[in-house]
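Comments concern the structure below.
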Amino acid sequence: MDAKHPKAHIIGDVLIQNSKFRGVDGVKTRFDVVVIGSGPAGSSAAWEAAVNGVETLLLEEHERVGIPPHCAGILYDPDFQKLNFQLPENVIQTRVKAARIHVSDAATLEWRAPFTIVDRPRLDQYLADMAVKSGVELWTNTYARRVERCNGKVYVEALQRKSVKKIEALGVVAADGYKSQIRRSLGLPTKLELASCLQYEVDPSPLEDDDVMEIYIGGEYAPGGYAWIIPVSESSARIGLGVRGVKRGPKHYLDELTKRRCPEFKILKTMGHCVPLSGPLSKTFDDNVLFAGDAAGQVIPSSGAGITPSIACGRIAGSVIAHAVKSGAVASKHLSVYEKEWKKMLGRKFEATLRLKNLLDTLSTEEVEAIKEALKEVDASTLIREGRTLNLAFRILLKKPSLAKFLPIVYKVKKHGIF
Ligand SMILES: Cc1cc2nc3c(=O)[nH]c(=O)nc-3n(C[C@H](O)[C@H](O)[C@H](O)COP(=O)(O)OP(=O)(O)OC[C@H]3O[C@@H](n4cnc5c(N)ncnc54)[C@H](O)[C@@H]3O)c2cc1C
């Protein structure tokens, strides 16, 4: 293992570092750690691994990091700040001070909370750039299709344009998104509950206030999910939604909302993708391999927020795999510390928000109506603003005692946050 990182250089779209282990084409084929996927989880893992002194290769199937984008770019500031990570100015598109939440036609609540809206491609590119500056070798246009383990080592088979590369390593971080080909290739559970999302960037922005985002909850807007309109600039906004369990795809619902909220608009960009909402996998480590980000289901189930958890878990994965490789202890039992660490940081939040999401899924029509009735009668915005969510919960409960099942979870979610 060479803890020092020789100066990197770029050949075509493949960033190469000097090394003695090279294949017939002169490209290095042996690393300490291979990270698969250059989203927030992968680049954070690679960055952390390199900082911890191991030779790290980062693979990305697309030509450019962060492209195509698939995100609204909302960061909930209180959670993101826990990462101690200063966002560069060019990544920040705007800041939002509140969310105006439309609950069907029953009520509009204002939740005053600070959010930062980021340009996802730029965020991903910044993280990958920091990884490369720390010594990571980045290969774009490289699709990892299989991982095999043999005699304590791990081999990644990857397609680079038309040629097949076989890379040897001691550890792998699979941060290859919700579809995770690596999970599949290792025969690990692949079933995650997904929300199908679609988003348009529109011009002009339909928002009255450019520092308030809008959220739409209710079956008529986005069954099994929610819709959002967020400011991007003075003249544009992102309008999108995620749905589950519907016959009609997200386009039907998004077009309805778009017609309603921005009748005269131009679509600047369209993006569609899925987000896993079933909470983290029951096991996020295996011999030589750690899973991070969407590949591990590390997304807040009540909101679909995955950027902050991906960076947090990616960093932990990078640090754990680096230490494991350095000490030659890469078996599953040694890597289990990864799961302990991310659970210490985020376990309770994942648990509370998953329970909330699952309970919301069980709401009967009568219970939904009772909630709407209660919201019509109380000044919910003021109660939320004053932090009196339990008071609000009790008022709703008076309307429908069966909703008492929510009380313990309301308390937990209040403590850990919903986004
Ligand atoms: C429409 C939408 C809006 C969202 N909005 C928000 C939001 O506002 N705030 C928020 O916090 N979260 C949001 N999310 C969730 C968030 O985008 C994800 O949770 C986050 O991107 C997860 O990061 P990741 O690094 O795990 O995976 P990804 O960002 O999916 O990155 C995976 C990377 O791996 C690459 N890859 C995949 N397979 C391979 C392979 N076999 N070989 C090589 N490379 C591979 C992909 O090209 C990709 O670059 C949203 C999701 C969607 C779908």
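Just so you know, these numbers use all the heavy atoms, side chains as well, and skip hydrogens, waters and symmetry mates. Just follow the structure's listing: the first ligand is 1, and inside any ligand the first atom is 1.
Considering both main-chain and side-chain atoms, Gln199 never comes within under 3.5 Å of ligand 1 through any nitrogen or oxygen pair. At under 3.5 Å, a nitrogen or oxygen of Ala41, whether backbone or side chain, sits near a nitrogen or oxygen of ligand 1. Any N or O atom pair closer than 3.5 Å counts here, and Asp294 shares at least one such pair with ligand 1. Any N or O atom pair closer than 3.5 Å counts here, and Ala144 shares at least one such pair with ligand 1. The shortest N/O to N/O separation between Val275 and ligand 1 does not fall below 3.5 Å. Distances between N or O atoms of Gln181 and those of ligand 1 include no value under 3.5 Å. Residue Gly306 has at least one N or O atom closer than 3.5 Å to an N or O atom of ligand 1.
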Subject >> Stepwise side chain to side chain donor-acceptor pair (under 3.5 Å) check, Arg95 with Thr116 >> reply: CA-CA 5 Å; Arg95 293 193 193 269; Thr116 299; 2.9 Å; yes
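In this structure, a donor-acceptor pair under 3.5 Å is present between the side chains of Arg260 and Tyr221.
Contacts with ligand 1 closer than 4.0 Å are made by no heavy atom of Gln298, backbone or side chain. When non-hydrogen atoms are compared, ligand 1 lies under 4.0 Å from the backbone of Ala175 (N, CA, C, O) but not from its side chain. With a heavy-atom cut-off of 4.0 Å, Ser310 touches ligand 1 through its side chain alone. Neither the backbone nor the side chain of Ile182 has any atom closer than 4.0 Å to an atom of ligand 1 (non-hydrogen atoms only).
Between Phe80, Phe291, Trp139, Tyr143, it is Tyr143 that holds the heavy atom closest to atom 40 (C) of ligand 1.
Counting protein heavy atoms only, atom 35 (C) of ligand 1 is closest to Glu60 OE1, 3.3 Å. Closest protein heavy atom to atom 4 (C) of ligand 1: Ala72 N, 3.4 Å. For atom 36 (N) of ligand 1, the closest non-hydrogen atom of the protein is Glu61 OE2, 3.4 Å.
A cation-pi arrangement is found for Lys28 relative to Phe31, the charged atom lying closer than 6.0 Å to the ring centre and inside a 45° cone about the ring normal.
Evaluation of the ring-ring contact (aromatic ring centres under 6.0 Å, His included) rule for Phe80 yields Phe85 as partners, not counting sequence neighbours.
When each of Glu63, His62, Glu60 is paired with Asn141, the side chain to side chain contact (heavy atoms under 4.5 Å, CB included) condition holds for Glu63 and for no other.
Not a single heavy atom of Arg145 lies less than 4.0 angstrom from ligand 1.
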